[in-house]
Structure formats: structure tokens, C-alpha cells
Amino acid sequence: KKKLRYSAQSNSHALVHHLQVMEFYCESCETAMCLECTEGEHREHVTVPLRDVLEQHKSALKNQLDTVRNRLPQLTAAIDLVDDISKQLNGRKNEAVTEISSTFDELEKALHQRKTSLITEVENICSTKQKVLQAQLTSLLQGKENIQSSCNFTEHAVSHGSATEVLLVQKQMGERVSALARHSFPEQPHENGHLKCQVETDGLRRSIQNLGVLITTGAVGHTSVATGEGLRHALVGQHTTVTVTTKDKDGELVKSGNAILKAEISSSDGACTEAEVVDNKNGTYEVGYTLRSEGEFSFSLVLYAQPVRGSPFRLRAVKPSDVLQSPDDVKRRVKSPSGGGGHVRQKAVRRPSSMYSTAKKKENPIEDELIYRVGTRGRDRGEFTNLQGISTSSNGRIVVADSNNQCIQVFSNDGQFKMRFGVRGRSPGQLQRPTGVTVDMNGDIIVADYDNRWISIFSSDGKFKSKIGAGRLMGPKGVAVDKNGHIITVDNKACCVFIFQSNGKLVTKFGARGTSDRHFAGPHFVAVNNKNEIVVTDFHNHSVKVYNADGEFLFKFGSHGEGNGQFNAPTGVAVDSNGNIIVADWGNSRIQVFDSSGSFLSYINTSADPLYGPQGLALTSDGHVAVADSGNHCFKVYRYLQ
């Protein structure tokens with residue numbers, strides 16, 4: 001029989017008896033031993049014959065080997081996949097290098113051709129000018145020579161000639177000298193010496209320095225996520241969207257676009273439905289589709305040939321008539337909280353997140369947090385009833401339009417009540433339904449009054465100064481002031497934007513009811529960025545639209561939904577010093593942050609004290625975000641990381 005030896009650390013006593021046969025096994029110590037050991041230090045332990053446990057251990061080892069051996073095909077497949085990607089990457093690199101070399105060779109050739117062309121053109125221009133100048137020069141030299149010759153001949157005859165010679169010269173040369181004196185010579189230049197090559201290279205150099213863009217991302221499928229109820233549910237005939245947020249191998253957000261994302265929806269019979277992928281250029285993608293029949297489908301989202309986490313998804317499509325709408329959903333579609341068309345009181349109850357009431361995890365929140373909140377429902381100082389607009393001033397004030405209390409309340413940046421003004425009524429200086437508010441460069445408080453259909457201007461201490469827009473406005477909601485001191489007003493009811501001078505003279509007006517880029521459907525609030533561009537929230541079109549100072553459309557962003565960058569009726573809007581656009585998303589009860597081009601960046605973290613139907617939004621002078629939490633009858637201030 002085979003004798004066993006064990007290390008001194010694990011079985012020191014067995015070493016003493018290494019010449020004896022190991023016939024027993026201690027289950028407590030998990031070691032083999034001799035007969036003497038069973039009566040020694042292991043006498044209190046459970047011991048069994050070694051042969052009884054040998055097969056058991058062999059079987060356990062075999063099972064472990066089988067388990068680990070089963071990993072080999074997976075590892076082999078993974079090795080093949082990574083190797084294929086590595087080879088693909090090298091192939092793409094070689095293609096890119098070839099493309100770069102070819103492009104720059106062509107550019108060098110084009111530069112050389114242009115150089116030759118310019119030099120040839122210079123030579124031709126110079127030659128043409130020189131011909132003109134040389135012809136003039138020849139004429140002038142000939143004239144000069146004729147005059148000098150005639151003068152010399154005549155002078156010599158006068159000085160040294162006889163009387164007869166003088167008479168002959170006078171007759172011959174007199175006519176010649178007189179003719180030369182009368183002759184018109186080309187004394188003024190027939191050409192100029194101007195010839196210069198001007199090559200504007202600054203722009204070209206900048207273009208060359210930025211010439212060529214290498215497109216790649218660090219996105220991988222297994223960490224990237226898809227969100228939106230459209231992953232699981234859809235209504236037949238209705239356009240549905242989901243959001244894909246790309247992440248790298250460590251689960252960090254990828255903030256650039258251009259990833260290769262493919263979407264496919266297939267039914268059990270193999271029929272495929274086309275899905276459109278829209279690149280938001282910020283690492284997120286909107287995938288939209290419309291199903292034409294009800295039933296079960298497989299929804300596949302593939303990033304670089306690898307499935308997005310959870311893909312493929314089981315998708316069920318039902319007819320719209322099969323979905324029961326809750327009363328809250330119906331109200332939310334029909335009635336805007338703008339204050340138009342009657343006094344709408346909002347109850348502080350939570351909205352269902354969707355028609356399926358599915359909980360939604362918000363992707364990539366930034367670490368903002370609530371600093372403080374002010375207000376409860378009521379009519380006293382520091383209490384509100386359906387507050388709407390909110391604004392801030394450079395001297396550290398927060399100004400709130402307390403809509404149903406028909407007043408304006410002013411607080412310090414730290415939430416301390418400072419003053420309140422406003423008397424209910426329909427006369428100049430009175431307030432009937434204040435909805436929007438802003439503070440101009442002089443500290444004057446400008447108030448949009450929805451029901452009075454005008455803009456009231458008050459001094460910083462609440463004294464009425466003037467009103468503008470009467471007779472033009474139908475239902476003003478948001479108001480802002482641009483760098484020129486112009487007052488920009490969103491007319492919620494007329495679905496347009498007015499721009500007034502501070503004295504009330506109309507500068508321009510743009511917009512009408514509709515769904516196109518230059519139309520609105522219940523616009524709410526407005527902000528002005530550092531380029532003096534006008535940013536408007538288009539409530540029922542679920543988008544934000546940006547115009548230049550003259551009202552010319554520039555771009556828009558947003559669509560209807562709950563994903564990153566989507567809206568369910570946007571309301572308040574503000575722009576920070578970097579041009580980032582902060583938007584209150586009323587129906588989704590959240591605040592989203594976008595860059596200056598409208599690409600989604602992040603959320604402001606409001607989870608500690610959830611919003612309910614946020615309205616106006618502004619940035620305080622110390623860089624925090626103040627939001628009118630209308631449904632909760634308070635305003636909140638959040639720390640904001642720019």
C-alpha cells in the first residue's frame with residue numbers, strides 16, 4: 001500500500017509515523033492518518049476507514065473537474081470573439097491609415113496644383129502688364145530721342161551756321177519743332193505695379209489642424225442598458241420609443257455618439273419590423289418603432305454585434321382599446337397646468353409613472369442634492385397656492401409668482417422671507433393670475449399676468465411702474481429679459497413669442513399653433529442664453545426649441561417619453577454660465593440637464609424629496625437651481641454641479 005506524507009504544517013504528527021500505513025481518515029481535520037493517530041490527538045474526532053472516503057473524494061474531484069472543464073468551451077468562444085474583434089480592429093486601423101494617407105496625398109497634390117496655378121497666373125498677369133508698360137516706354141523713349149535730336153540740330157545751326165543755313169534750318173526745323181511741341185505723348189502710366197498674392201491661411205490652418213475625425217467609442221453591449229416601457233409594451237399603430245444608454249466595460253457612461261447600434265423586432269413567424277435608431281451624439285440613442293399588429297415579439301438591441309444587457313426583450317403589443325386609462329392619465333392629456341381656461345387645482349398625489357405603472361430607474365443622476373425647501377399650501381407669507389414662475393436676481397433674491405394667491409413673494413438666496421406685494425384685481429398694478437416672473441438689469445420685477453393678459457413692471461420694492469402688451473397678449477406665461485433689455489414673453493394661449501422693448505413697443509413676434517419647428521402647442525417658459533438666443537419649452541409638443549434673437553429657428557430637442565432626454569410636457573427652463581440648458585419635466589416630475597446643443601447630460605437628483613409637477617425654474621446668483629414645485633405648493637433649491 002502507498003504510504004502518504006503530509007506537510008509539517010498540516011499534519012505534523014503523521015510525519016512521525018510516516019513509515020506506518022495510512023488507513024484512516026479524520027473527517028474533522030480532513031486528513032489521512034495511521035492507527036496510532038486515531039488513539040492519539042484524533043481520538044475525539046470522527047474517523048472512518050480511508051478507503052471509504054477515497055471514492056467519495058475521487059467523485060468530488062471529478063465533479064469539480066467536469067465543472068471547470070465545462071468552462072473551456074465558453075473561454076474558447078470568448079477567446080475567438082475577442083481575437084476576432086482584435087483582428088477587426090487591426091483591419092479598421094489599416095483602412096483608416098490608408099484613408100488618411102490617400103486623403104492627405106490628394107490634398108498635397110491639390111496644394112501643389114494650386115501652387116503651380118497661382119505661379120502661372122502671376123506670370124501671366126505680370127507679362128500682360130509689362131507689355132502695356134513696355135509699349136508706353138518705347139513710345140516715350142522715341143519721343144524723347146526725337147526732341148533731343150531736333151534740339152541739338154537746331155542749336156548747332158543757330159550757333160555755327162551761316163545766314164543761308166540758318167534760313168534753311170528755320171524753314172525745315174521750325175515745322176518739326178513746332179510739331180514735336182504739339183505732339184501728345186503718353187506721359188500718364190498706362191498700367192500700375194500692383195501685384196500681390198494674398199493667401200488667407202488662418203482659417204485653412206485651423207481647418208487642417210481639425211481635419212479628420214477619428215470615430216470610435218468605448219461602448220460595450222453587456223454593460224449598456226435600454227430603458228422605456230417600449231421594451232415590454234406597445235400599442236398597435238402608435239409610435240413607441242426606448243432609450244439606449246451606452247456604457248464602457250467598467251459601467252461608466254459613454255458621452256459620445258457614433259456607436260453601431262442595431263435594433264430588430266421580430267414576430268414568432270419570423271416577420272421583422274423596422275426600427276429607427278437616432279443618435280443623440282451624447283452616448284444615448286432613441287430607438288423608435290411602430291407595430292402594425294398585436295401579439296408577442298422579440299425586441300433585439302445589438303451594440304457592436306453584442307446584445308445590450310437584457311436583450312432580446314419580450315415585447316407585447318396590444319390594441320389601444322385594450323388599455324384602460326386612469327382618470328389621472330386622461331386629465332394629464334387634456335388639461336395643462338398653465339392656468340389657461342380656468343383655475344385648475346392640483347392635488348398633491350403621485351402620478352402613475354406610465355400607463356403600466358412600471359417603476360423606472362433613472363440612469364446617470366449626478367450628485368446634486370436638496371439644500372432647502374420653502375412653503376406649504378396656504379395664503380400667508382411663505383405659503384403658496386399653485387406657484388408658477390420663479391426668478392432670481394444678481395443681488396441674491398429669489399422671486400416667486402404665487403399664482404392662485406395673486407401675489408409676488410421675494411426671498412433671500414438662503415430662503416428667508418423678504419417681502420410680498422400684489423393686490424388682486426384687473427386694473428393696472430393689480431394681479432389676477434401671475435404666472436411668469438423675471439428680474440431685469442435694473443432690478444425691476446417683470447410679471448406675466450395670464451388672466452389680465454398683460455405684463456406688469458414693478459420696482460425692486462414692489463411699486464407698480466407700468467404695463468405692456470395689453471391688447472396684444474392672450475395668455476402670457478413665461479417671461480425673460482435678453483442682453484438688449486428686451487422683454488421676451490411666451491403667450492401660452494396664442495402659441496407664440498412676443499419681444500417688446502422695455503417701453504412696450506413691439507420688436508417682433510414669432511410662432512403660431514402647430515407642430516412644426518416654428519410652431520408651438522401650449523408653450524410655457526422661456527430663457528435666454530449667453531449668445532442672446534431664446535430657449536422656449538413647448539409643452540404639448542414635448543420639446544425645447546431654440547431661436548436666435550430675431551426669432552429665427554435654430555434647433556430643437558426632446559420627444560415624448562420617459563427616457564433620457566425625453567419629456568412628458570416640459571415647463572421651466574434656465575441656462576447656466578456654460579450654456580447648459582436645465583429643463584423642468586412636468587409630467588415626469590424631474591429636472592434634466594442638457595448641453596448647449598440639446599444633448600442629454602444628466603438629471604438633478606430630486607429623489608430625497610420628490611417633485612410633483614414642477615413649473616418655473618431658475619439659477620440663483622450663487623449657482624444653485626431653484627424650482628417651483630407647484631403640486632407640493634413650495635419651492636426647492638438644489639445644489640447644482642456645473
Side-chain angles (χ1 to χ4, degrees), residues 94-215 483-484 507-508 530-533 547-555 597:
N94 293 334
E95 291 174 5
V97 170
T98 300
E99 177 68 19
I100 291 168
S101 299
S102 173
T103 300
F104 279 82
D105 287 345
E106 290 176 4
L107 288 174
E108 287 176 10
K109 182 179 178 181
L111 282 171
H112 182 74
Q113 289 175 343
R114 182 57 180 160
K115 172 186 172 183
T116 303
S117 175
L118 282 173
I119 291 173
T120 301
E121 193 174 350
V122 165
E123 295 287 358
N124 290 339
I125 292 172
C126 180
S127 176
T128 302
K129 282 178 170 281
Q130 286 289 12
K131 285 180 181 178
V132 173
L133 292 172
Q134 290 303 318
Q136 183 182 11
L137 199 57
T138 299
S139 177
L140 290 171
L141 288 171
Q142 185 64 49
K144 180 181 178 182
E145 183 181 351
N146 290 340
I147 290 173
Q148 286 178 336
S149 174
S150 298
C151 288
N152 291 339
F153 182 82
T154 303
E155 287 175 353
H156 185 270
V158 170
S159 301
H160 304 287
S162 62
T164 302
E165 291 174 335
V166 170
L167 290 174
L168 289 172
V169 168
Q170 192 274 334
K171 183 177 181 180
Q172 292 176 349
M173 297 304 295
E175 294 177 358
R176 181 177 175 83
V177 170
S178 296
L180 287 171
R182 293 193 305 270
H183 185 77
S184 175
F185 293 101
E187 297 177 19
Q188 299 303 317
H190 286 183
E191 254 297 355
N192 58 61
H194 184 204
L195 179 56
K196 179 182 178 182
C197 180
Q198 182 175 342
V199 182
E200 295 291 344
T201 60
D202 289 345
L204 180 60
R205 288 179 191 277
R206 283 194 297 270
S207 297
I208 290 173
Q209 288 169 355
N210 296 305
L211 182 60
V213 177
L214 299 178
I215 299 174
K483 291 182 178 180
N484 301 318
V507 176
T508 190
N530 47 21
K531 297 178 184 177
N532 220 31
E533 294 168 344
Y547 303 81
N548 69 14
D550 298 320
E552 292 296 320
F553 176 80
L554 298 177
F555 64 92
S597 64

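What you are looking at is a predicted structure, and each value in this text was computed from that prediction instead of being measured. Start at 1 with the first residue, then count along the sequence.
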Is the closest side-chain heavy-atom distance between I208 and R205 below 4.5 Å?
no
I100 side, atom CD1; E95 side, atom CD - distance, nearest 0.5 Å
12.0 Å
S127 side chain to E123 backbone, donor-acceptor under 3.5 Å
no
Rounded to the nearest 0.5 Å, what separation is found between the CD atom of E145 and the CG atom of L140?
13.0 Å
State whether the side chain of D550 and the backbone N or O of E552 hold a donor-acceptor pair below 3.5 Å, judged by distance alone.
no
Please name the pair of heavy atoms, one in F553 and one in Y547, separated by the smallest distance, quoted to 0.1 Å.
CA-CD2, 3.4 Å
Any donor-acceptor N/O pair, S159 side chain to E155 backbone, under 3.5 Å:
yes
Counting C-beta onward and ignoring hydrogens, is there a side-chain heavy-atom pair between L137 and L133 closer than 4.5 Å?
no
Could you report the tightest heavy-atom contact between Q198 and E200, atom names first, then the distance?
NE2-OE2, 2.9 Å
Got more than 12 heavy atoms from elsewhere within 6.0 Å of NZ, K483?
yes
Decide side chain to side chain contact (heavy atoms under 4.5 Å, CB included) for Q113 and T116; before the verdict, give the C-alpha distance in whole Å, the side-chain angles of both, and the deciding distance to 0.1 Å.
CA-CA 5 Å; Q113 289 175 343; T116 303; 5.8 Å; no
Among side-chain atoms of N152 and Q148, is any donor-acceptor pair under 3.5 angstrom?
no
Taking the side chain as every heavy atom from C-beta outward, state whether K115 and I119 have any atom pair closer than 4.5 Å.
yes
Which heavy atom in L180 sits nearest to a heavy atom in I147, and how many Å separate them?
CD1-CA, 3.9 Å
Is it true that a side-chain atom of E191 and a backbone atom of K131 form a donor plus acceptor pair closer than 3.5 Å?
no
Checking the side chain of N532 only, and the main-chain atoms of A549 only, is there a donor and an acceptor separated by less than 3.5 Å?
no
Go through the side-chain N and O atoms of N192 and K129 and say whether any donor and acceptor fall under 3.5 Å apart.
yes
Looking at H183, I want to see if its NE2 is surrounded by more than 12 non-hydrogen atoms of other residues, nucleotides or ligands under 6.0 Å.
yes
Which value, rounded to the nearest 0.5 Å, describes the distance between L211 atom CG and Q209 atom CD?
11.0 Å
